[in-house]
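A short write-up of the structure that comes next.
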Amino acid sequence: GDSVTQMEGPVTLSEEAFLTINCTYTATGYPSLFWYVQYPGEGLQLLLKATKADDKGSNKGFEATYRKETTSFHLEKGSVQVSDSAVYFCALGSFQKLVFGTGTRLLVSP
Amino acid sequence: DAGVIQSPRHEVTEMGQEVTLRCKPISGHNSLFWYRQTMMRGLELLIYFNNNVPIDDSGMPEDRFSAKMPNASFSTLKIQPSEPRDSAVYFCASTRIEADTQYFGPGTRLTVL
């Protein structure tokens, strides 16, 4: 079945550091790919998405490119802020259903 | 615009009791999802509805769990009887059937003692 694998956390960075959170997927067909973010005590919010190969999703300085050849959708940000501290979930969507990775906690210190 | 509304936000109950979680989707959305989040298993899809009709309930863990959607603006997830292993955060999400982005509620944190 479809699955998503993302890097274990926590990822601990200093403010203004470069961020990469790796995500790979296994899927039949051509899924859409998503990054969701969860702040403490809240539900998940869509951060960005890409619907086909080579698409780049971007939002709030975060970017991820749908790489079909490597079945990856890595999340990047050039300069993280303390306010980016949260749990990030990679997900794939197919036939209305979302399959989530286990989440990666990001901690950014001043 | 109001987002997805869930109630209660926190629920503490004793083993064996019935628990009912409630969800109001975003107005105009016709697809609704129930998820469970635990440390051990992450986020799991339990069931989803299109136009108030259950489409896939393969994620419902066992017969103790049931979900209903009597109208377009309300859904319930019921656990009867509850067990300590049901302790988790339960999320409701909604979207339009033709869309791919789901909008999540704030969740209900359930603790079964």
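Note on naming: letters A, B, ... go to the chains in the order of the sequence lines (proteins, then strands), and numbering restarts at 1 for each one. What you see is a predicted model, and the numbers here were worked out from it, not measured in a lab.
- Counting heavy-atom neighbours within 6.0 Å of Asn71(B) CG, excluding the residue itself, gives a total above 12.
- Two residues are said to be in side-chain contact when any heavy atoms from C-beta on lie closer than 4.5 Å; Lys97(A) and Tyr48(B) meet this criterion.
- Only the side chain of Gln38(A) comes within less than 4.5 Å of a heavy atom of chain B; its backbone N, CA, C and O stay farther away.
- Within a 6.0 Å sphere centred on CD of Glu15(A), heavy atoms belonging to other residues, nucleotides or ligands number more than 12.
- Counted within 6.0 Å of CD on Glu16(A), heavy atoms from surrounding residues, nucleotides or ligands total 12 or fewer; the atom is thus considered open.
- To the nearest 0.5 angstrom, Thr95(B) atom OG1 is 10.0 Å from Leu46(A) atom CG.
- For Arg64(B), the CZ atom is densely surrounded, since the number of other residues' heavy atoms within 6.0 Å is greater than 12.
- Two residues are said to be in side-chain contact when any heavy atoms from C-beta on lie closer than 4.5 Å; Leu43(B) and Leu44(A) meet this criterion.
- There is no contact between Ile55(B) and chain A, counting heavy-atom distances below 4.5 Å.
- The environment of OH in Tyr103(B) is sparse: at most 12 heavy-atom neighbours from other residues, nucleotides or ligands sit within 6.0 Å.
- Gln102(B) and Gln96(A) form no side-chain donor-acceptor contact under 3.5 Å, judged by distance and modelled atom types alone.
- Counting only heavy atoms from C-beta outward, the side chains of Leu45(B) and Leu98(A) never approach each other to under 4.5 Å.
- In the hydrophobic clustering of ILVMFWY residues, with side-chain heavy atoms under 4.5 Å counting as a link, Tyr39(A) and Phe100(A) come out apart.
- Of the atoms belonging to Thr102(A), not a single heavy atom falls under 4.5 Å from chain B.
- Only the side chain of Arg9(B) comes within less than 4.5 Å of a heavy atom of chain A; its backbone N, CA, C and O stay farther away.
- Looking at Gln37(B), the atoms closer than 4.5 Å to chain A (heavy atoms on both sides) all sit in the side chain, from C-beta outward.
- More than 12 heavy atoms of other residues, nucleotides or ligands shown are found within 6.0 angstrom of CD on Gln81(A).
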